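Let me begin by presenting the structure, written as structure tokens, before commenting on it.
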Amino acid sequence: MLFYKICPASIKQDKLMLKGSMTKNRPSQIGIVGGGASGFFTAIQLAKHCYDNKLNASVKIFEATPHFLKKVSISGGGRCNVTHREFEVSRFCQNYPRGKKELKSPFQEFQALDTVKWFSERGIQLVAEEDGRMFPKTNRSTTIIECFQSEAEKYGVETLKNHKVQNLRFADNQFEVQFAKQEPVQLDFLVLATGSSPTGYRLAKSLGLEITELAPSLFSFKISSNLLRNLSGISFENVDLKLKISGKKDFKQNGPMLITHWGLSGPAILKLSAWAAREMKELDYKATLSIHWLPEKKLPEIESFWEEFSKSRPKMNIGNSVPDFFSKRFWQNFIDYLDINLEKNMNELSKKEHRKIIDHIYCTNLEIDGKNRYKDEFVECGGVGLKQINFKSMEVKKLDQLYITGELLDIDGITGGFNFQNAWTGGYLAAKNIADKLKLL
């Protein structure tokens with residue numbers, strides 16, 4: 001593992017900068033705006049550093065809402081997809097449409113394997129599913145939430161709900177944090193861990209940071225095709241998808257897919273949406289989706305299959321002659337979608353109808369006419385521009401008492417635990433760096 005070392009020159013600079021605003025006679029004041037995954041993990045790590053090293057500091061979390069760790073509670077359908085079982089850093093980084101280059105160094109310090117170890121040391125076993133997603137063995141997000149709350153209490157983190165930050169000001173080497181209802185506070189270090197909340201972007205801008213173009217990520221597709229009518233809940237274990245966006249490059253993905261009330265969702269669709277987030281927004285979520293229902297079979301193989309299949313049941317009607325790779329409900333919709341009479345016997349189908357079935361089993365094109373996002377379990381593409389951040393420490397380059405972690409950055413991962421891992425890693429590095437600075441006082 002690589003560890004960040006503070007050189008003598010930077011130590012001298014830090015001492016000069018912090019002198020006068022922080023003394024050993026009073027606790028250093030550290031505030032974390034955002035009581036979500038990254039905010040809590042940062043606070044816990046920092047408070048533990050302070051406890052272990054007898055550092056005189058006060059760590060506070062300011063959460064705007066009445067609820068902490070909301071995304072943790074709903075992640076993975078209430079099970080909490082903590083991270084992903086991919087322990088080779090370069091491969092892990094390939095799962096970030098934005099930020100994969102910048103995350104290589106941070107993940108050398110704290111990666112998925114370290115996350116597994118961190119929870120294990122606190123009595124929580126993470127278990128990997130076949131697709132690599134890792135959940136607590138209890139399959140309950142409350143296991144993670146209770147762990148964080150216990151650790152925060154153990155190390156003296158002050159957790160403050162309903163503390164909505166209205167304004168931030170930096171002067172005389174301190175931050176003044178103004179709230180909607182409470183009295184202002186003065187801080188020596190500030191961590192913005194607000195996720196994809198509009199408030200976070202506004203606060204970052206107020207401190208002079210640039211925000212890149214924002215666009216939804218991890219969304220499902222609205223498709224009004226009759227093919228999907230009344231089939232909500234039907235899933236496919238593995239399909240190949242190609243997203244064709246006019247005037248843009250094609251995007252490809254494979255994996256499980258789910259039919260919903262409004263169109264298509266599931267891991268393969270959500271991954272596509274992440275990679276094509278900005279392109280889809282630019283064209284108002286209008287695109288063509290090509291679905292290869294049997295990705296392991298080429299067109300000649302499907303032709304051979306259909307010839308044998310149809311000849312083996314000449315007197316059966318097409319609606320009841322269901323290939324074993326489709327459900328009966330989907331197959332009947334499929335045949336109806338192709339404008340073929342369900343009551344026709346196999347030997348009554350025309351050559352044109354046989355050809356249509358073969359071609360659409362191989363590949364069906366559907367028009368996307370919009371997006372649909374889950375209530376709160378979404379990710380935003382865009383955020384604080386990455387060139388403004390020192391990724392060895394997560395501090396802002398031009399204001400190194402300010403730290404940014406988690407989804408507020410222009411970093412987003414595909415579905416599967418990658419966004420949480422970014423939250424844990426950023427919090428780990430920010431906490432370590434702040435603690436290193438406190439040791440200099």
Side-chain angles (χ1 to χ4, degrees), residues 33-34 36-39 64 70-71 75 93-104 106-107 165 168 190-221 243 245 247-249 251 253 269-287 368 370-391 394-399 402-427 430:
V33 180
S38 195
K70 190 171 183 179
K71 277 194 179 180
S75 162
C93 289
Q94 296 306 309
N95 294 283
Y96 294 85
R98 286 147 291 272
K100 60 184 177 182
K101 178 182 175 183
E102 289 79 7
L103 286 173
K104 284 184 179 178
F107 284 156
V165 178
L168 295 174
L190 177 65
V191 181
L192 293 181
T194 54
S196 50
S197 162
T199 298
Y201 304 128
R202 177 177 60 80
L203 295 176
K205 281 183 178 180
S206 75
L207 293 173
L209 296 175
E210 294 181 4
I211 306 297
T212 62
E213 178 191 357
L214 300 174
S217 184
L218 298 185
F219 52 85
S220 54
F221 297 162
L243 186 64
I245 307 173
K248 308 291 181 182
K249 68 176 182 179
F251 294 86
Q253 195 58 246
I269 295 291
L270 296 177
K271 289 174 184 178
L272 265 186
S273 77
W275 289 105
R278 288 198 170 112
E279 290 81 358
M280 287 288 280
K281 181 182 180 183
E282 186 178 334
L283 291 180
D284 196 28
Y285 304 97
K286 304 294 191 293
I368 300 167
K371 72 178 190 309
N372 192 74
R373 304 188 79 176
Y374 294 104
K375 294 178 182 178
D376 295 297
E377 192 180 356
F378 62 83
V379 174
E380 200 77 25
C381 158
V384 173
L386 304 186
K387 291 183 179 180
Q388 303 166 98
I389 304 298
N390 177 351
F391 278 89
M394 307 312 294
E395 61 190 340
V396 173
K397 290 177 180 178
K398 65 180 181 182
L399 182 53
L402 175 64
Y403 295 75
I404 312 285
T405 67
E407 289 179 33
L408 179 55
L409 292 164
D410 185 11
I411 293 176
D412 60 289
I414 62 174
T415 182
F418 300 101
N419 288 296
F420 273 149
Q421 186 58 52
N422 174 42
W424 317 139
T425 297

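Just so you know, these numbers come straight off a predicted model, no measurement behind them.
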Ignoring hydrogens and angles, tell me if any N or O in the side chain of Thr405 forms a donor-acceptor pair with the backbone of Gly426 under 3.5 Å. no

Testing Leu214, Thr212, Leu209, Val384 one by one against Tyr201 for a side chain to side chain contact (heavy atoms under 4.5 Å, CB included), which residue passes? Leu214

For Lys281 and Pro216 the tightest heavy-atom approach is CD-CD, 4.4 Å

Point-to-point distance, once rounded to the nearest 0.5 Å, from CD1 of Ile411 to CG of Asn422: 4.5 Å

Nearest-0.5 Å distance that lies between atom CG in Asn419 and atom CH2 in Trp424: 11.0 Å

Assess the residue pair Phe221 and Leu243 against the criterion (side-chain contact (heavy atoms from CB on, under 4.5 Å)); give the C-alpha distance rounded to whole Å, side-chain angles, the decisive distance to 0.1 Å, and a yes or no. CA-CA 11 Å; Phe221 297 162; Leu243 186 64; 4.2 Å; yes

Please list, chain by chain and in numerical order, all residues satisfying side-chain hydrogen bond (donor to acceptor under 3.5 Å, both in side chains) with Thr194, sequence neighbours excluded. none

Classify the angle between the aromatic ring planes of Tyr96 and Phe107 as parallel (below 30°), tilted (30 to 60°) or perpendicular (above 60°). tilted

Heavy atoms from other residues, nucleotides or ligands near NZ of Lys101 exceed 12 (cutoff 6.0 Å): no

Between Ala277 and Arg98, which heavy-atom pair has the shortest distance, and what is it? CB-NH2, 3.9 Å

Determine whether a donor-acceptor pair (N or O, by modelled atom type, separation under 3.5 Å) exists between the side chain of Glu102 and the backbone of Phe391. no

Shortest non-hydrogen separation from Gly427 to Ser38 and the atoms involved: N-OG, 4.2 Å

Closest non-hydrogen contact found for Ser217 with Ser273 is C-OG, 4.2 Å

With heavy-atom distances below 4.5 Å as the criterion, would you say the side chains of Ile368 and Met280 are in contact? yes

For the salt bridge (Lys or Arg N to Asp or Glu O under 4.0 Å) test, which of Arg278, Lys387, Lys100 pairs with Asp410? Arg278

Can you tell me how far CG of Leu192 sits from CE of Met394, rounded to the nearest 0.5 angstrom? 11.5 Å

Ring pair (Phe, Tyr, Trp, His ring centres under 6.0 Å) involving Tyr403 - partner list, sequence neighbours excluded: none

Drop me the distance from Thr425's OG1 to Phe420's CZ, to the nearest 0.5 angstrom. 13.0 Å

Indicate the atoms forming the closest heavy-atom contact of Ile245 with Glu279, along with that distance. CD1-CB, 3.8 Å

What do you reckon, is CD of Glu210 surrounded by more than 12 foreign heavy atoms closer than 6.0 Å? no

For the backbone of Leu218 and the side chain of Arg373, can you confirm whether one donor and one acceptor N or O come within less than 3.5 Å of each other? no

Atom CG in Leu386, atom CD1 in Ile404: separation rounded to 0.5 Å? 11.0 Å

Could you tell me if the side chain of Val191 sits less than 4.5 Å from the side chain of Val33, heavy atoms only? no

Lys286, NZ: over 12 other non-hydrogen atoms inside 6.0 angstrom: yes

Measure the SG-CG distance between Cys381 and Asp412 for me, rounded to the nearest 0.5 Å. 5.0 Å

Shortest non-hydrogen contact between Cys93 and Lys104, atoms and distance: SG-CG, 3.7 Å

Using ring pair (Phe, Tyr, Trp, His ring centres under 6.0 Å) as the criterion, list what pairs up with Phe251, not counting sequence neighbours. none

